[in-house]
There are 4 protein chains.
Amino acid sequence: MKSNKPKYKQIIDAAVIVIAENGYHQAQVSKIAKQAGVADGTIYLYFKNKEDILISLFQEKMGSFIEKIRKGITGKETAAEKLLVMVESHFNILSEDHNMAVVTQLELRQSNKELRLKINDVLKGYFQLVDEILHFGMETGEFDPNLDIRVSRQMIFGTVDEIVTTWIMNEEKFDLVALAPSVHQLLIKAVSI
Amino acid sequence: MKSNKPKYKQIIDAAVIVIAENGYHQAQVSKIAKQAGVADGTIYLYFKNKEDILISLFQEKMGSFIEKIRKGITGKETAAEKLLVMVESHFNILSEDHNMAVVTQLELRQSNKELRLKINDVLKGYFQLVDEILHFGMETGEFDPNLDIRVSRQMIFGTVDEIVTTWIMNEEKFDLVALAPSVHQLLIKAVSI
Amino acid sequence: MKSNKPKYKQIIDAAVIVIAENGYHQAQVSKIAKQAGVADGTIYLYFKNKEDILISLFQEKMGSFIEKIRKGITGKETAAEKLLVMVESHFNILSEDHNMAVVTQLELRQSNKELRLKINDVLKGYFQLVDEILHFGMETGEFDPNLDIRVSRQMIFGTVDEIVTTWIMNEEKFDLVALAPSVHQLLIKAVSI
Amino acid sequence: MKSNKPKYKQIIDAAVIVIAENGYHQAQVSKIAKQAGVADGTIYLYFKNKEDILISLFQEKMGSFIEKIRKGITGKETAAEKLLVMVESHFNILSEDHNMAVVTQLELRQSNKELRLKINDVLKGYFQLVDEILHFGMETGEFDPNLDIRVSRQMIFGTVDEIVTTWIMNEEKFDLVALAPSVHQLLIKAVSI
DNA sequence: GATGAATGAGGGTTCATTCAT
DNA sequence: TATGAATGAACCCTCATTCAT
């Protein structure tokens, strides 16, 4: 029985599983290869080196993560609704993919500075999304026109990120998605007039 | 000329310098020993293992960090003032100690999950401080009596932490302390009625 | 536009170029295949394995090398003249083919003992040529009738080979062919009565 | 039972044995360490890397090789005698140390260009010795005053080296030392007037 | 208490060769 | 014939920790 998934995706998915199960520093290339069902050398036909797997992983996953959120907020009419959908989606997506949550929130942050800088580049897409919502809210008059966009964005991302991290560190013992409304309420109050 | 500092502190200070200058993954025990002016083996008379150095480092530094902040907020009369002092102190202390900022915000976060769990234990002292301010504000009627304490605390810590991290990742190119008022204003609006 | 050269020669020529340009240890089969304009697998339709390429290369090139020299000395009347032509030809041929010179003098000598033994087999054709000149000189009375043929041959080959190697190691900065007369003179004195 | 040899020498001697017995490309650091009776890591307390072992090996062995020969020729009165002693010593030393002979004549020549250049540096000490004998002979009138020193030296070294290599490639089946007189005679005739 | 030489486990990556198409 | 994607064995070096002095 052959897998029809192209090997590139196959390897990235394997990496997520292996990192989630073994931790960043115990995610050897050979383990990833075995999980992907390919030979060690095959990895290097699709990725320049181990770091390249991790960056690609983050890009792929975060790319579709952002895309999903963006789709969700597109139809919404008010900035408040958009923000709510963003928080809800963020929590939802990570709730539904335990491995991804562990990998992006905990494991990949153990990487070295160079890799983290590249990861930060990817995160810029998320920051941009937040900025768009903020600008929109300021235009519609929902948000304080004198907001410091940068600080507001850092508050929003910092809050959501901290909550998710805590949730994972607590072994996902509470219902993350259920927190969305109260998180949203706090954030809305902060940026409103 | 021999240092009179007890070797325990000597080694921790050396660790901060070495990690700040070389990064977490390039901070070998032998480098720390050399920086501390002791033999490699001497380290193990004062610390169980390398991880123990890092935890002790975090405990020592975070302990005095929290103490300083606690002192600052003690005299203040309103919860809002306390929160302002907390944010200002937080930014101030890290602004004045570049090495500490780099080590606690960036480098130590590259440690494995186990170590990070222990670091989180130390952070509980900080969380408690935030909780106290929140409770105080709820009692005085400054803050919303229906606040979800945990989420509010995560918002406050997440926001402050994210801003500091961004500041360091940007090579401290902007004035961190100057941001305190607008950060404070956002947070106050979030938790007020 | 396809090359009409049979692929066998095509691959050997590619190997010479790749080895000369990249060195023995950086001359991967895939590089040779790319240089030859064939697929990696095609190599194995014409050669048993990588070693077989190198031996074949040496045989082909050394074969025509010896042939050229043999032609040059055939018409000469005295052993001294023959020896002069041999040295001159040797220097000439390598001077005119930089790649070949590098490959046979430097790169192929990095091969393992087994391959070098096979290379030595090919060199026997050259040794035979020298032996013929020596015998001829001994018969004509030009050379010492009590010569130890084997030692004399090793002197002649060792001398010429050492000079060529030095010339290449010095990046061909001096005129190799111009050395032929003085080399010849030394050798003639050695073997003469 | 502890070895009292300093580990540096211990490791070099082990390297000679391992390379002689297994060949250059099969001489793994772990094998050398095991043969030396030390841990793999210990190697790196005395040598920068694997290449450093090989260069040091060559320097140490070639250094004492040249020293021995130099001592032998010092007392001799004529250039011819000096040359004889040199050839004899060269053959003698290698005859008496099979491993060294294999390592320096065959195995180390498989190293990459960079290492070979460093090996060549060491050989310059030998070349210098030959040059001294040649100059001496030219001064005493034993040798042709118009000798091309460089070519003569290359002849002498090339001849001796080729003979030793052949001897080893033939598994030392003939008596190398016994060849010294006839080799000497040839070389003397070559450089005499 | 203090030293520092010695230990030894562990992993990313290359590349000659194969074989299904 | 020709292809080229896939294979998987093999090795140098680092560094936290120990222990004889």
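Protein chains get the first letters and strands the later ones, always in sequence-line order, with residue 1 at the start of each. What you see is a predicted model, and the numbers here were worked out from it, not measured in a lab.
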- Message: Between Ile17(D) and Glu21(D), is there a side-chain heavy-atom distance shorter than 4.5 Å?
- Response: yes
Give the rounded distance in Å between these two atoms: [atom1] of [X] and [atom2] of [N].
X: Lys34(D); N: dC11(F); atom1: NZ; atom2: C1'; value: 15 Å
X: Gln28(B); N: dG4(E); atom1: CD; atom2: P; value: 18 Å
X: His25(A); N: dG12(E); atom1: NE2; atom2: C1'; value: 15 Å
X: Lys31(C); N: dG4(F); atom1: NZ; atom2: P; value: 19 Å
X: Ile43(A); N: dG11(E); atom1: CD1; atom2: C1'; value: 13 Å
X: Ile32(B); N: dT17(F); atom1: CD1; atom2: P; value: 11 Å
X: Tyr46(C); N: dA16(E); atom1: OH; atom2: C1'; value: 20 Å
X: Leu45(B); N: dT3(E); atom1: CG; atom2: P; value: 9 Å

- Are Gln10(B) and Lys7(B) close enough that a side-chain donor and a side-chain acceptor fall under 3.5 Å? no
- Message: Let me spell it out: for each of Gly37(B) and Glu51(A), pick the nucleotide of DNA chain E with the closest heavy atom. Which residue's pick is nearer the 5' end?
- Response: Gly37(B)
- Note on the structure: Per nearest nucleotide of DNA chain E, the residue lying toward the 5' end, Asn49(C) or Val38(B), is Val38(B)
- Task: Looking at every strand, decide which applies to Phe47(B) at a 4.0 Å heavy-atom threshold: base, sugar-phosphate, or nothing.
- Result: nothing
- Message: Categorize Val29(A) for me: base, sugar-phosphate, or nothing, with a 4.0 angstrom heavy-atom threshold over every strand shown.
- Response: base
- Query: If you measure from the Lys or Arg side-chain nitrogens to the Asp or Glu carboxylate oxygens, is any gap between Arg109(B) and Asp161(B) under 4.0 Å?
  - Reply: yes
- Query: Does the distance from a Lys or Arg side-chain N to an Asp or Glu carboxylate O, for Lys124(B) and Asp121(B), drop under 4.0 Å?
  - Reply: yes
- Message: Give me the atom names and distance for the closest heavy-atom approach of His25(A) to Gln110(A).
- Response: CD2-OE1, 3.1 Å
- Message: Ignoring hydrogens, what is the shortest heavy-atom contact between Leu115(C) and Ser111(C)? Give both atom names and the distance.
- Response: CD2-CB, 3.2 Å
- Scan Asp97(D), Thr104(D), Asp13(D) and name whichever one has a side-chain hydrogen bond (donor to acceptor under 3.5 Å, both in side chains) with Lys61(D). Asp13(D)
- Message: Quick check on DNA chain F: between Ala39(A) and Gly41(C), whose nearest nucleotide comes earlier from the 5' end?
- Response: Gly41(C)
- Message: On DNA chain F, does the nearest nucleotide to Gln26(D) precede the nearest nucleotide to Asp40(B) from the 5' side, or the other way round? Give the residue.
- Response: Gln26(D)
- Kindly say whether Val102(B) contributes a backbone atom to a donor-acceptor pair with the side chain of Glu107(B) at under 3.5 angstrom? no
Any side-chain N or O of [X] under 4.0 Å from OP1/OP2 of [N]?
X: Tyr44(C); N: dC19(E); result: no
X: Lys7(C); N: dA2(F); result: yes
X: Ser30(C); N: dC15(E); result: no

- Double-helix bend of the helix from dA2(E)-dT21(F) to dT21(E)-dA2(F), axes at both ends from 5 pairs, round to 10°, gives 10°
- Message: Heavy atoms from C-beta onward define the side chain here; which of dG1(E), dA16(E), dT17(F) lies closest to that of Lys50(C)?
- Response: dA16(E)
